[in-house]
Amino acid sequence: MKVGIPSEISANELRVAATPKTVKRLQKQGFEVYIQHNAGIKANFSDKDFEDAGAIIVSTASDIYSKSDIVLKVKEPTIEEVELMKEGLVLLSYLWPAQNQPLLQKLADKKVNAVAMDAIPRISRAQKMDVLSSMANIAGYRAVIEGSYNFGRFLNGQITAAGKVEPAKVLVIGAGVAGLAAIGAANSLGAIVRAFDTRKEVAEQIESMGAQFLTVEIEEDGATSSGYSKEMSKEFIEAEMKLFLEQAKEVDIVITTAQIPGRPAPKLWMDYHVAAMKPGSVIVDLAASSGGNCALTKNGEVYTTDNGVTMVGKLSQLPSQASQLYGNNLCHLLDDMGKAEKWKIDMEDAVVSRAMVTHNGKINWPPAPLPVSPSAGGTKKVMPPTAEEIKATAAEKSKKAATSNLISLAVVGCLLLLVGAFAPPEFIQHFTVFILAVFVGWQLITNVAHSLHTPLMAVTNAISGIIVVGGLLQTKNDLSNSLIMTILATVAILVASINIVGGFVVTHRMLKMFKK
């Protein structure tokens, strides 16, 4: 099968749907790769880079669409590009199906099987294909860098001979992938970071990254099963606006990240919030392309308001890295669809059926909702167990464990009596020591928390050392020493040596985790 990558014709799109690294991966998947001349120039990948990776360079987009079985793109195709596509072509691209019904109809008329990469469902199995998350991660990091650049001074606090510099205060609105990336970047640069989200469940994630979680006094949760926030009540929104007004007077940089696929971005930072901010403050609006979270955002522009607040409605795409991550997302999806050898469009697959927006000449949008918890009567809400149920379950498990231990002890006792009746006294002495060692070791390992197993492994090196010494004593060159004893001693030395080396390696890795 042939995979084609055309040039992106939009002047503002710097990414490309493949990089030299993903080209090699596509070839390992069994595909023959065609790339249009200069497709990767804006992302700093030359034709020679692609040729060295094994791709075939073609001159025009028409060649790509006519020769390829699968086409990988970034931006949604124009009507002119759709005209170049052949029947049965598989297209993987951003499509924004909720906003581009005419485009879907055109693709369906051409019988193009189109996968909207921005419509990949947010389920655990599909995380590796989620282009919105991979691009949001870059955007969140870049928002802090460009916010800091426009702010005009560094973010961390310092005490110098020339005087004291207060740390900058950064407010992140929305703690999705982009928001968490922004929190991490701002915190690492030394800023005081605060974050707001309507979903109470993200409070722990925010605080674990070193930021302060802001909330309102109204008990209302904005979490939904789709992974996006729901629309909040009027009372909650009023309290939210009041909280933002208080923060506007204090913070230096505001980063807004709230977006809803297929709908305009919600307005969260109003003109009176901007008016309350200090001169020199910065607002970075990551939702600028869908209308903006700030009422004064201008998509694609960076400007300064009358009161000296810098509005950033445009970010650099970091095209080289973004292209690499996007290309990885595409390769993961092709993996799931069987690669070249077992290629299949499985409309029963939860990911493919919801992202395949046109199939065999028909529009497949909007998709059927994902079931939350299947049951005989349909969707069923699973309630958490009560405290009484948890106690009863724990008591039952404890009773079963005690019974199992008694049975095991009885079996071991019977075996020992059987061995003692027939074995010589010397064997019984050594066997008793062996049983006690096994029992003590078992109790030691099973009663230590999992988090302590790594340092415990380092301690067991001493025990393994004793085994090595004992094994060496049993390998002496003596006629009275049997061949079987020598073989057993050699095996014991080998196994104990492996344990010692492994213990040191694991301990070394553990210690490296705490080094910068």
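For the single chain, residues carry numbers from 1 onward in sequence order. Please read these numbers as outputs of a predicted model, since none were measured by experiment.
The CG atom of Leu91 lies 10.5 Å from the CD atom of Glu76; values are rounded to the nearest 0.5 Å. The line from CD1 of Ile57 to CD of Gln36 is 10.0 Å long, rounded to the nearest 0.5 Å. Ser93 OG to Asp118 CG: the interatomic distance, rounded to the nearest 0.5 Å, is 8.0 Å. Taking CG of Asp69 as the reference point, atom CE of Met1 lies at 4.5 Å (rounded to 0.5 Å). With rounding to the nearest 0.5 Å, the separation of OG1 in Thr19 from CG in Asn44 is 12.5 Å.
A salt bridge links Lys106 to Glu83: one of the charged nitrogens lies within less than 4.0 Å of a carboxylate oxygen. Taking a cutoff of 4.0 Å between a charged side-chain nitrogen and a carboxylate oxygen, Lys344 and Asp349 do not qualify as a salt bridge.
Relative ring orientation between Phe196 and Phe236 is described as tilted, the plane-to-plane angle lying within the 30° to 60° band.
In the displayed structure, Lys86 atom NZ is contacted under 6.0 Å by more than 12 heavy atoms of other residues, nucleotides or ligands.
In this structure, a donor-acceptor pair under 3.5 Å is present between the side chains of Thr60 and Asp63. Counted by atom type alone, Thr310 and Asn150 present zero donor-acceptor pairs between their side chains at under 3.5 Å. Side-chain contact, Gln29 with Asp335: a donor N or O sits under 3.5 Å from an acceptor N or O.
Counting only residues at least two apart or in different chains, ring pair (Phe, Tyr, Trp, His ring centres under 6.0 Å) contacts with residues 317-353 comprise Tyr94-Tyr326.
Side-chain contact between Leu334 and Ile70 is present, with at least one heavy-atom pair separated by less than 4.5 Å. Within the 4.5 Å cutoff, the side chain of Val33 has heavy atoms near those of the Gln27 side chain.
A salt bridge (charged side-chain N to carboxylate O under 4.0 Å, His left out) with Glu8 is found for exactly one of Lys75, Arg15, Lys73, namely Lys73. The side chain to side chain contact (heavy atoms under 4.5 Å, CB included) test with Ile283 is passed by exactly one of Ile255, Val312, Val309, Leu171: Val309.
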Start with the C-alpha gap between Met270 and His273, add the side-chain angles, then the distance that decides, and say whether side-chain contact (heavy atoms from CB on, under 4.5 Å) holds. CA-CA 5 Å; Met270 303 303 178; His273 293 127; 3.7 Å; yes
